[in-house]
2 protein chains.
Amino acid sequence: MQDHVKIFEDYLKKHNLKLTRPRHVILAAVFANHSHFDVDALYDQIHQKYTDVSRATIYRTMPLLIEAGLIKRSLRSQARDHYEHIFGHKHHLHLICNKCGSIIEAESAAVETLLQNLAKRYNFTITECNIGARGLCEKCRE
Amino acid sequence: MQDHVKIFEDYLKKHNLKLTRPRHVILAAVFANHSHFDVDALYDQIHQKYTDVSRATIYRTMPLLIEAGLIKRSLRSQARDHYEHIFGHKHHLHLICNKCGSIIEAESAAVETLLQNLAKRYNFTITECNIGARGLCEKCRE
DNA sequence: TAGTAAATGAGAATCATTCTCAAAGTTTTC
DNA sequence: GAAAACTTTGAGAATGATTCTCATTTACTA
């Protein structure tokens, strides 16, 4: 019994939602080998083994996983929403090189704390930070 | 103060593109009073005075303004792309309410400074910060 | 002013995401 | 353990932002 399964079960139970087979399959797929994914890729992956899990259910399950604190919507690319794990991963931010496209993941705790404090001034309750920057990495700057 | 007009004109000329009336109208509307907008709102605003400027042209003009360095795609909310000025505006960050979709713009200088310092440790040179968070605004938290 | 290349409006097309609804699954109650 | 009382599901339709098509118009150049 892995932790993320337990977290999801607890979340479902708490909200009077049911632990169904499709939800199990989707959860497993999400945590199988992706740190980063979109619904389409997830569907392809799941569909190879479980042809009876529909796209609709995957779309419906994403908000639950987000609410449960297991994943978050991380970025939009190719006109699609992308998601990433939160559970088991430290919060991080992305430094994206405009030249080579490489993505550096940096520790974001300090920045997030500052952002939390700032939000307080607006009486805004943060549930999810999205922090990043674009520029040039060491190599591309020459 | 028409610097943004000149920048756009120069960009168009440089790329053998034409300075048309719709492009003028759109540029003016973008810089009229928005620090922040989506295509739909822009269309409504323009359409009141200029009923002959189509949505298609607005959509087609956004990439040009981005290429010209005048605006940037800043965030996605309510399933829509949002844009913001780069030219002539202070940097800010967005707090997006997950319930009502309202967007609070907060001063980002402090957070950006911290992010700059962090980037230094990775020998990364930031040219553009993207900082935001999602959660609940004062009203929606009840 | 004509020639020509680019731009436009209108509406169709696209495509990710959400919704609908009847059928099926899950939990509860006795 | 079966039926009641809810939830969830799959399939496909619906939605809605964005992009594309194409016949027509416009801006610039010579």
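The chains referred to below are lettered A, B, ... by the order of the sequence lines, with proteins before strands, and numbering in each begins at 1. Worth knowing before you read on, the calculation uses all heavy atoms, side chains too, and leaves out hydrogens, waters and symmetry mates.
The distance between atom NZ of B:Lys18 and atom P of D:dT25, rounded to the nearest whole Å, is 15 Å. For the pair B:His15 NE2 and D:dC28 P, the computed distance is 16 Å after rounding to whole Å. Taking atom CE of B:Met62 as the reference point, atom P of D:dT19 lies 11 Å away to the nearest angstrom. Following rounding to the nearest Å, A:Asp52 (CG) and D:dA11 (P) show an atom-to-atom distance of 8 Å. For the pair A:Leu64 CG and D:dT8 C1', the computed distance is 11 Å after rounding to whole Å. The nearest whole Å value for the distance from the NZ atom in A:Lys14 to the P atom in C:dT27 is 19 Å. Rounded to whole angstrom, the span from the CG atom of A:Asp40 across to the P atom of C:dT18 amounts to 14 Å. The NE2 atom of A:His82 sits 11 Å away from the C1' atom of C:dA16 (whole-angstrom rounding).
Aromatic ring centres of A:His82 and A:Phe37 lie farther apart than the 6.0 Å criterion allows.
As judged by a 4.0 angstrom heavy-atom cut-off over every strand, B:Ala79 is placed among residues touching the sugar-phosphate backbone only.
The side chain of A:Asp81 has C:dT17 as its nearest neighbour among D:dC28, D:dT21, C:dT17. Distances from the side chain of A:Tyr59 to the nucleotides C:dG11, D:dT8, C:dT18 place C:dT18 closest. Set against D:dT8, D:dT18, D:dA27, the side chain of B:Val39 has D:dT18 as its closest nucleotide. When distances run from any side-chain atom of B:Arg60 to the nucleotides D:dG12, D:dA17, D:dC22, the shortest one goes to D:dC22. For B:Arg80, taking side-chain heavy atoms from C-beta onward, the closest of the listed nucleotides C:dC19, D:dT18, D:dA27 is D:dT18.
Looking at which nucleotide of DNA chain D each of B:Arg76 and B:Leu19 is closest to, the 5′-most match is held by B:Arg76. Residue-to-nucleotide proximity on DNA chain D shows that, of B:Thr20 and A:Arg21, the 5′-proximal contact is made by A:Arg21.
A donor N or O paired with an acceptor N or O is not found under 3.5 Å between the base of D:dG12 and the side-chain atoms of A:Arg55.
Between the side chains of A:His92 and A:Glu84, at least one donor N or O sits under 3.5 Å from an acceptor N or O. Counting only N and O atoms by type, the side chains of A:His85 and A:His36 include no donor and acceptor under 3.5 Å apart.
More than 12 heavy-atom neighbours from other residues, nucleotides or ligands sit within 6.0 angstrom of NE2 on A:His15.
Taking the ring centre of B:Tyr83 as origin, the terminal cationic atom of B:Arg73 falls outside the region bounded by 6.0 Å and 45° from the ring axis.
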